[in-house]
Structure formats: structure tokens, C-alpha cells
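Written below as C-alpha cells is the structure these notes are about.
Given the structure is predicted, the values throughout are model-derived calculations rather than measurements. Below, chain A is the first sequence line, B the second, and so on; all start at residue 1.
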Protein chains: 2
Amino acid sequence: MPRKSEQKSKEYTIKDVAELAGVSTATVGRVLGGYGSASHEATQAVREAANKLHYIPNGIAQSMKKKTTKSVGLIVANICNPYFSSIARIVESVLVKKGYNIIICNTDEDGDREISYLKMLYEKRIDGLMIASALKESERKDSQFNMTYKESIPTIIIDREISNLKFPTVASDNFRGAYEATSHLIKLGHKRIGIIGSTISTFFRRVEGYRQAMLDHSLPFDTNLVFNKSYKNVKPGDVSEGIYATKNLLKYREYRPTAIFALNNLLTTGVLIAVNDLGLKIPDDVAVIGWDDFDLASLLNPPITVVKQSTYNIATIAISRLLQQIENPNTILNEEKKVILSTELVIRGSCGSNVTY
Amino acid sequence: MPRKSEQKSKEYTIKDVAELAGVSTATVGRVLGGYGSASHEATQAVREAANKLHYIPNGIAQSMKKKTTKSVGLIVANICNPYFSSIARIVESVLVKKGYNIIICNTDEDGDREISYLKMLYEKRIDGLMIASALKESERKDSQFNMTYKESIPTIIIDREISNLKFPTVASDNFRGAYEATSHLIKLGHKRIGIIGSTISTFFRRVEGYRQAMLDHSLPFDTNLVFNKSYKNVKPGDVSEGIYATKNLLKYREYRPTAIFALNNLLTTGVLIAVNDLGLKIPDDVAVIGWDDFDLASLLNPPITVVKQSTYNIATIAISRLLQQIENPNTILNEEKKVILSTELVIRGSCGSNVTY
DNA sequence: TTGAAAGCGCTAACAA
DNA sequence: TTGTTAGCGCTTTCAA
């Protein structure tokens, strides 16, 4: 079977190019790498040889020497969530212009998964890391924390407000956003408001906002209305999660909430499907507010009221700060370590304009 | 400023671990790499040392030796399109179990972008490549083609039915899917049917299906109804594209189509927004069929009829075949090089049940 | 302007 | 069971 090995086109190296061009490997490197200087003649010969062999430089070997891989990791909960895919898209488009590429990791908000991704990415020697789905505070023992995250590599956290974190952060004002949404519902007459966060890790700040709004309006904070568990029979990061949660929340007719606040797009969709399945009407039987705007929100009947994050700004600020750290490791971003962006309550029809009892 | 350099935690190497453990680097490799054999004592010492130093193996150096990077590239048009994000998600979840990670590239269906991504990925020495957004046939001169794609690396094409392609393919039956959708509209009485494909590269086969359906029903194939251009003022991969196309198609009252067939999710959303903006009613003023199902399709008013692809199957088959090629390079997948999956027409309300003139 | 050669951190063949 | 050592393909210092 000599055929086999002949078929397999050899990977040409800088050495092959050097030989063919009749120069040294150093010269090839200078020409192709664009550093140092080479005579016009040499330059020509090298280019020609490289073309002839369809030479593709070995980026691994380059990384080895230069100690930079031109790749950054992006850890998200689930790329199917429009919020994360938008972030990924924006981030990737600015990165690619600078020659970086992006490695995507989906954690489903699972701490163990995050840790193993981290390990993988650190082994890959990524130049930078963006985490949009960090360990939940509950899972994060400080000792463990310091062992899993490497401070020596440029890192930025999106959408997590973790106090003792050494990394810069850019996030929405989760507390305020939830506070406003909840207050809106309360003003409309709602007293029992369900909140569905499933396992999402920004859950806590948002629930705090919800809780504060309830308390400020002399309404009880009832943990039965707070849905933040994950269930074995339900895939996280799937609409079924929201459906399941909603059906649970609406199970008991007399105690059931008159409004539901869903903490991400996928959950919102799940809520809408469940409410529809149950034959209930929005907003008369149950009002709905979603977190994150989506293209079809205004086309639904009724249009869905949402807390809108400035996804574009979040992504843009995050990536520019990350690149700054990568390109200039001495920059200390201490002063403005944490950037918090305000959210906007987009009022559409899904909460009704008044509620009577 | 010696402070600075002290701060920066040194990257420990296998050599440091070896020293601390009092063994050779080879032994460290054997213990940590899990190959060869080492005494219990040595194993203990090495593990201890590695832990103490928080040693993280350098994957770059490993790749250098082993000639495998454990990463695969995924080229899509736009990760914000639910079709592509689902594919990415499924593919990533099977890859991660095998220790691979995934590098995502968004081309916006731009051939030049694809070529430069290809170059980047080949330099990175990816172990495998999955292309869900290949060069359009029109752009692909054979000579150029053979220079841009490397046959020596395992590659699989998703959703492209390119004839003389040397790579295995898994795709939906684009022709048949479009034929059925179009026929459905025709049976409902539509004679002027607009089709919006923008720049998407599977466009051609689908338009052929559309065309054939028209001809088979003795209806003219009018290129004015075929919208497949991209416009400077419109970002591809954004809802605005579909909005723009729809408004163009519906501009001239008397000649305007009574039905619109949108060739991906983002375009469908754009169509819905545009139709709504124009104050038209679906299905009475204009019927709509979308390509790709979506969670909210059945919740809209009216629910949207779609051509549903088996995304899960496409992704699963594609990645398993790719892994097969990666793990066993001698496997020739010739016999069943091309897998074509059938689509399903999911009839909901957006085409009405009858149309009168 | 050029080339020789060291070395990045690891694996693995070989010898002990 | 272990250690020595030769590379992997490149960049880059140092001399020429």
C-alpha cells in the first residue's frame, strides 16, 4: 500500500520552503513572518517556493515560540439562547479582525462543567477568557475559586456581580431591572408574582430586586413563587424547562400567581407555550414579563413586555476591555473594575393595562 | 519594579514538577499522561508536586509532539440564527465528551470571509472541520477550490449539495422541501409567490424546487419574485434583511405576491415584522411560509407554516461521521458520501385554508 | 542581509 | 521501572 502514503499530502515545513527557495529557514521566517529584513531576491524566491508548496505555517509551532495562541475562550450557559449567541457574534466579529479566534463552551450553568472547560482552555493556553456563565456564588468556595481561575490570564466576566472577584466585570443592573419589572406588575395590581430563573446564575441579584420590590410595596416574599430549581427530567437550556416551571407554578388554581416573570428568553418562550397549553389568556389570566428582548416579542398577541439589556454594549465593552488587557498586560483596570449597565423596561401588552380582582 | 515580575505567577513546566518530585521529566509525563508505567512511589510524588505547583500541562507543546490539537472548526453563516446555534450546541456537546473543543466562525455567507477563516483554521492545525456555510457554487472556481480546501484534513459539509465536492455531506432535501412548500401554496390558490433567500448559500437548490413546482403547475417562474441579493445598507444575518426584502417585494400593489416563502428563521422574522409594519394581514393579504421551525411559530397569530429540517439528525450524523474520520483516518466514507434528510412541511395557519380571487 | 543554532514544553524511542 | 535524549516547526539571538 505505498499508494496510501503517497496520497497523504505531506505537511510542508519552513524547511521545505527554505530548501526550495535556496535560503535558510531564518530567511523564510523573516519573509513570511514579516519581521527583520530580507533582500528583494530572497523575498521573491521564498514567496514563490511557499506558493508552489501551498505552504501553510504551523500555528502550533508559532504559539510555542511566541507564547501566544491568538485564541480566546468564551464560556456561556447555552449558545442557543439568543442573548449568548448575540454576545458570541459581536465578540467574534471584533476578535477576528485582530486575528483571534474564539472557542465556545456551553456550561448549561453547571459549575462542574465550567471547571472542566476552564481546565481545557488553560491547557490550550488561550490568550484571554470571557465568562458569561460563572460559578454560582453558592458553589464558589473561595479556596476552590482561587484554584480554578487563573489570575495570570486576562479574563473578563459578563453579567455576574461577584463581590470578591479579582476580574473586571461588565453586567446589567440585575437588581434594578428586576425591581422595575416587579414594581410595574405590582402597580398593575398584581400581588402574587411568580419568578422563574431555573438554574441561571444571575438569578440571585434579580430575585433580590424582585424581593425588594415586593417588600417595598408591603407584599410578602413567598418562596413558593420563586422557581429556581433544575429537574432531572428536564434538559436545562431548553424550552421544556420554562414549560415545566410554569405548569408547576400554575398548578394550584387558588394560590397561583397572576403574573410570571421569566428570567431569560428560553424561559419566556417556555412560559408562553405553557400558558397556551393550559388554555389561559395573557394578560387576563396571567401576565408575563420576560428578561431580554427578542425580535418576535412585539409580534406576539399580546406583545410581550420585557426587561431589555443592552446586549450590544455589554459585548462591546467586554471585548474591548479584554483586548486591552491582552495587548497591554500592564494595564490595570482597577479604577473601573465593574461596569454596570442599566436595563430598560419595554412595556408592551403582556401585563395588561389594569387588573381587577 | 521587581514586584511586578514576582506577581506574575510563573508558568510551571513538566521540568519543575520533575525537580520537585525528584524524578525525570519522562516519569512525570508517564504519570500525568497516563501512558507507560511508573512505580507507586513515583506516581505519588509526581501527583503531589503537580498539585503543589498547580501545574497545568501545556497543550500547545503536546500538540506539537502529538500532531493533534483536539480542536475542530465550525464554520457557520451566523451563530445568531437558531438553526446554526442548534447545530453548534449539539456538535459541541458531543465533541466535549471526547475532549475536543470547537472554534466558531461566522461568515455571513461571504466567500472571502470563509477563505480567510479556512486559512486561520488550517494554521491552527485543527483536527477536523465542519462547514455549514460553504462557498456558493457561483463563487467556486474549481481551481481555486482545490487550493482553499485541504483534503488532507477530515472535513464534513452540512447543508450544501455541491456536486464535485470531495468531502462527505449531510444535508436536507432542499429541492424537495421547497417543492412541497411551493406546491402547498399553489394548491391554496396562490399564483404569485415571492421567495426570499438573500445571500444564503443553499438558496439555489431551494429555488430550483420552487421553480419546478411553479412549472409543474403551469405557473410562470418570475425572477422578479426571487429575492436573493444582498444590499449594502443592510447587514446580512440580521432581521433587517428580511424586512427590506419583504418591503421590496410588496412595494407594487398590483403585482405583488400573495405569498412569501422565507428561506431561514431570521428572514421569516423579518417578513413577519415587515408585513406587520405594512399593516397587512396574514394570511388574507399575504401568506407566509418559513424555512426552519422555531419555538414561537405555533404561538404567533396566525401560527406560522414552516418547512422543518431535522436539525438534530443533521448535526448528530455530521459530527459522528466527522469523528469517525478523525479517529480513523483510513475509513473511506465513499459509499455513502452524501446523506440527504427529508424535510417536513408543518402546516399551521399562515397560509390560510383557501384563497379566493 | 544572511545563516547557524538554541530552545519553547512536551512525548516517546531507546537504553539502562 | 526509570532516565537520557532527540526531535516536533518555528522564532530569534548572535555572528558573520
message: Checking A/R113 against A/D108 for the salt bridge (Lys or Arg N to Asp or Glu O under 4.0 Å) test, could you report, in this order, the C-alpha distance in whole Å, the side-chain angles of both residues, the deciding distance, and whether it holds?
response: CA-CA 8 Å; A/R113 292 260 289 282; A/D108 282 333; 3.4 Å; yes
Requested in this report: Assess the side chains of A/Y149 and A/E114: does a donor N or O sit below 3.5 Å from an acceptor N or O?
Outcome: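 The answer is yes; a qualifying pair exists.
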inquiry  = What I want to check is whether the side chains of B/K124 and A/N101 have a donor and an acceptor closer together than 3.5 Å.
reply    =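 Yes, A/N101 and B/K124 have a side-chain donor paired with an acceptor closer than 3.5 Å.
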Any A/Y55 side-chain nitrogen or oxygen under 4.0 Å from OP1 or OP2 of D/dC10: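 So the side-chain polar atoms of A/Y55 do come within 4.0 Å of the phosphate oxygens OP1 or OP2 of D/dC10, strictly under.
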- [ ] Considering just the side-chain nitrogens and oxygens of A/Q62, establish if one lies under 4.0 Å of OP1 or OP2 belonging to D/dT11.
- [x]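 Checking D/dT11 against A/Q62, a side-chain N or O does come within under 4.0 Å of OP1 or OP2.
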Using atom [atom1] of [X] as one end and atom [atom2] of [N] as the other, report the distance to the nearest whole Å.
X	N	atom1	atom2	value
A/I56	D/dG9	CD1	P	14 Å
B/M64	D/dG7	CE	P	13 Å
B/D16	C/dC8	CG	P	11 Å
B/R30	C/dA13	CZ	C1'	11 Å
B/Q44	D/dT1	CD	C1'	16 Å
A/N58	C/dC8	CG	C1'	13 Å
A/K15	D/dT11	NZ	C1'	16 Å
B/I60	C/dG7	CD1	C1'	16 Å

Next on the checklist: Can you work out whether B/S39 or A/G33 has the more 5'-proximal nearest nucleotide on DNA chain D?
Outcome noted: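 Taking each residue's closest nucleotide, the earlier one in sequence belongs to B/S39.
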Identify, between A/T25 and B/S24, the residue whose nearest nucleotide on DNA chain D lies closer to the 5' end.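 Taking each residue's closest nucleotide, the earlier one in sequence belongs to B/S24.
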Requested in this report: With heavy atoms under 4.0 Å as the rule, sort B/Y12 into base, sugar-phosphate or nothing.
Outcome: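 Answer is nothing: B/Y12 stays at 4.0 Å or more from every strand.
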Taking any heavy-atom pair under 4.0 Å as a contact, classify A/S37: base, sugar-phosphate, or nothing.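 Base contact - A/S37 has a heavy atom under 4.0 Å of at least one base atom.
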**Message:** Between B/E123 and B/K119, does the salt bridge (Lys or Arg N to Asp or Glu O under 4.0 Å) criterion hold? Intermediate values first, please.
**Reply:** CA-CA 6 Å; B/E123 288 190 1; B/K119 188 168 159 287; 3.5 Å; yes
Ignoring the backbone of [X], work out which of [options] is nearest its side chain.
X	options	answer
B/K67	D/dC8, C/dC10, D/dT4	D/dC8
B/A61	C/dG9, D/dG9, D/dT4	C/dG9
B/A38	D/dC10, D/dT2, C/dA5	D/dT2
A/I14	D/dC10, D/dT2, C/dG9	D/dC10
B/K65	D/dC10, C/dG9, D/dT12	C/dG9

With a 4.0 Å cut-off on N to O distance, would you call B/R125 and A/E11 a salt bridge?
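Judged by the 4.0 Å cut-off on N to carboxylate O distance, B/R125 and A/E11 do form a salt bridge.
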With a 4.5 Å cut-off on side-chain heavy atoms, are A/K337 and A/F167 touching?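 The answer is no; the side chains never approach within 4.5 Å.
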- Task: Check DNA chain D against residues 116-125 of chain B and give the residues with a non-hydrogen atom under 4.0 Å, in numerical order.
- Result: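 Nucleic-acid contacts, sorted: none.
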* To do: Mind listing the closest non-hydrogen atom pair of A/Y55 and A/T13 along with its distance?
  =>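 Result for this residue pair: CE1-C, 3.6 Å.
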Q: Apply the test side chain to side chain donor-acceptor pair (under 3.5 Å) to residues A/T202 and A/D159: give CA-CA distance (whole Å), side-chain angles for both, the deciding distance (0.1 Å), then the verdict.
A: CA-CA 7 Å; A/T202 29; A/D159 234 352; 5.2 Å; no
